[in-house]
Amino acid sequence: MTAMTQRVKNLKGSEYFPYPLYVAMRWTGDLSRVYPCLSPKRELGQAPAAIRDPMAMERTNLLNMAKLSIKGLIESALSFGRTLDSDYPPLQQFFVVMEHCLKHGLRVKKSFLGFNKSLWGPLELVEKLCPEAVEISASVRDLPGLKTPLGRARAWLRLALMQKRLADYLRLLITRKDLLSDFYENSALMLEEEGAVIVGLLVGLNVIDANLCVKGEDLDSQVTTASSVFDCFCGNRNSQITSILDQKNYVEELNRHSTMHGLQGRVDSLEKSNSKLIEELAIAKNNIIKLQEENQQLRSENSLILLKVTKGDMSVERDTYKQSRQGLDEMYNEARRQLKEECQLRQDVENELVVQVSMKQEMELAMKLLEKDIHEKQDTLIGLRQQLDEVKAINVEMYQKMQSSDEEMKKKNDMINLLEEKTNQITATMKQLEQSQQLEMDLKIEREWRQTLQNDLDRERVTVGQLSTEALQINGLKKEFHLLQGEKIQLKTICEDQEQALEELGSKLSESKLKIEDIKEANKALQGGQVWLKDKEASHCKLCEKEFSISRRKHHCRNCGEIFCNSCSDNELPLPASPKPVRVCDTCHALLLQRCSSNPT
């Protein structure tokens, strides 16, 4: 076993280093975790500090989670193009990640009810450090639905995000580590460099507009997606391989959006690791050459020994030769396998270098676009400040005008008071004049009243004469009306008598007509019967005037002898000529029935 495999094996004692962890570390650019020999501060046989320290691993995982969630939230919000609300999934995931970042390393506080961890304690310090945060804290305390400190902390985070001051408040908080040490452990995320990185990433959230309804949400209950998100990023020992592979994907996203300085540092570290790998590759090649030379020497010695030894010692020498040759072959295969692995590693490092260079170019382009966006926003800010100055100037002018108008109003009020005093004096003098003139006015009014009464009396006399003449005329008209009513009653009685006589004459006339028809029919019967119409002479029904056809047959009426269709002659009655019921038309049927009803005898 070579020195390189021994170094890799030393990372986990007697077990080999897991390949997925190696892939994840290689993507992050920290190859010193895979090969301890590449770290200048670490001796052989020592395990990496990040693997031994679980708090450091948790900080790293939380930092990766925060980077990914903030990046996804910004991209989705910009593509969404509208104000975000509380139900937006990337925003909910961001709050869950921020809650876990703030909970990391939080000290357990002993209270009257037991032990608990409260985020509200460190967040309350912000209002002492920044006076602008007093309004948020007061509004959170005044919310009626919040009963737990955790619910208040969640409401505080949402209000700070809506104000676009979350990064500023947390930056002030992490600068006072002396105050945070009362709430967090020494290795907590808020007290380490990862906290500063997360606060720097939160500055990008200022481009997001959020409208969150804090009052109606149940922030005291536990968020259901928190454990799944945390387990997805952090994982546990049983699912270490899957969590490391997920971390690899998150680190890939992180590398694409890292800063220029970080990319340059990674390129330098990759170049150093590449040079060290080249050196190790050269050492491995030299070892292979030495092994080949030793193999050739052994073969030459073996040929010499074969010539010198006797036939009795040939079997023993052959066994020793096979054993030595087998060992050499194993060493040769091991060296060849290591050479292939080193070549593959070198190829991967070169590919990563190309990818990092391309990502560096993309980052330069993104930085240019970001600078351009910043310049545009600065221009808009300058324009807004100018508008604000103009509004302030207008407000000052309006205030000055208001003061001048107040002074004018005071002067006018003084003038009004003076005028009221003068009017009171004038009214007093007018009352005195009116008392002297009132007697003259009363005399004039009495004279005018007498004159109007005289005129009204004359008019009433004229109207009385007219009414008397009209009353005489009305009495004459009443007498004529009574006479006309008597004549009307007489004429009405005469009319009723004449109508009754006409009704009697009509009944007698109908009876006489029926008797005449009976006489005619009897005469016809005595003369030899009714004459029937010939079939050729009738082409249409006499009653409905429909044309005869194969389906509409011709039928003779036994009473009148005319030709009808079946529907117009579908009646049977006995006649004087035949006692049995025979076919008759509708008109004859109605006539015969009327005759029978009028003459029941």
Side-chain angles (χ1 to χ4, degrees), residues 4 8 11 17-40 48 50-51 57 60-76 78-79 193-194 197-198 200-201 204 232-233 235 240-282 284 338-373:
M4 183 61 69
V8 174
L11 290 174
F17 195 72
Y19 181 72
L21 184 58
Y22 158 73
V23 173
M25 292 177 179
R26 185 163 58 81
W27 274 95
T28 57
D30 193 2
L31 291 174
S32 61
R33 294 186 182 180
V34 181
Y35 297 112
C37 61
L38 300 180
S39 178
I51 296 175
M57 287 295 293
T60 305
N61 290 330
L62 287 172
L63 178 61
N64 293 331
M65 289 191 324
K67 289 178 180 178
L68 181 61
S69 63
I70 292 169
K71 168 186 170 292
L73 178 59
I74 293 172
E75 289 180 353
S76 60
L78 293 178
S79 61
E193 295 179 357
E194 286 83 357
V197 174
I198 291 173
L201 293 173
C232 179
F233 284 92
Q240 185 178 8
I241 295 174
T242 56
S243 64
I244 290 169
L245 291 175
D246 292 337
Q247 186 179 2
K248 167 183 169 292
N249 295 327
Y250 299 147
V251 171
E252 288 179 359
E253 295 292 332
L254 176 63
N255 288 333
R256 291 175 186 165
H257 299 279
S258 60
T259 58
M260 294 292 295
H261 183 70
L263 284 174
Q264 187 65 35
R266 287 187 181 178
V267 170
D268 296 336
S269 64
L270 287 172
E271 289 177 354
K272 292 178 181 179
S273 61
N274 189 14
S275 62
K276 291 179 180 179
L277 287 173
I278 291 169
E279 292 176 359
E280 292 182 357
L281 183 60
Q338 291 178 3
L339 179 62
K340 288 181 180 179
E341 290 178 356
E342 297 296 335
C343 291
Q344 185 66 29
L345 288 173
R346 180 180 177 184
Q347 186 66 29
D348 293 339
V349 170
E350 290 178 354
N351 293 332
E352 280 202 23
L353 184 61
V354 174
V355 171
Q356 294 292 337
V357 171
S358 62
M359 289 197 309
K360 181 179 178 181
Q361 293 176 357
E362 292 177 359
M363 274 303 300
E364 290 178 354
L365 181 60
M367 288 295 290
K368 289 180 181 179
L369 295 174
L370 185 60
E371 289 177 357
K372 183 178 179 181
D373 190 12

Quick one: list whatever passes side chain to side chain contact (heavy atoms under 4.5 Å, CB included) with Ile278, sequence neighbours left out.
Asn274, Arg346
By side chain to side chain contact (heavy atoms under 4.5 Å, CB included), Gln347 pairs with (sequence neighbours left out) Glu350, Asn351
Is any side-chain heavy atom of Leu345 closer than 4.5 Å to one of Glu342?
yes
Straight-line distance of [X] [atom1] to [Y] [atom2], nearest 0.5 Å:
X	Y	atom1	atom2	result
Lys340	Gln344	NZ	CD	11.0 Å
Leu78	Leu73	CG	CG	9.0 Å
Leu277	Glu341	CG	CD	12.0 Å
Gln356	Met363	CD	CE	11.5 Å
Lys372	Leu369	NZ	CG	7.5 Å
Ser69	Asn64	OG	CG	10.5 Å

Where is the tightest heavy-atom contact between Gly72 and Ser76, given as atom of each residue plus distance?
O-OG, 2.8 Å
From CA spacing to verdict: side-chain contact (heavy atoms from CB on, under 4.5 Å), Glu362, Leu365
CA-CA 5 Å; Glu362 292 177 359; Leu365 181 60; 5.7 Å; no
Determine, stepwise, if the pair Glu364 / Lys360 fulfils side-chain contact (heavy atoms from CB on, under 4.5 Å).
CA-CA 6 Å; Glu364 290 178 354; Lys360 181 179 178 181; 3.9 Å; yes
With sequence neighbours excluded, residues passing side chain to side chain donor-acceptor pair (under 3.5 Å) with Ser358:
none
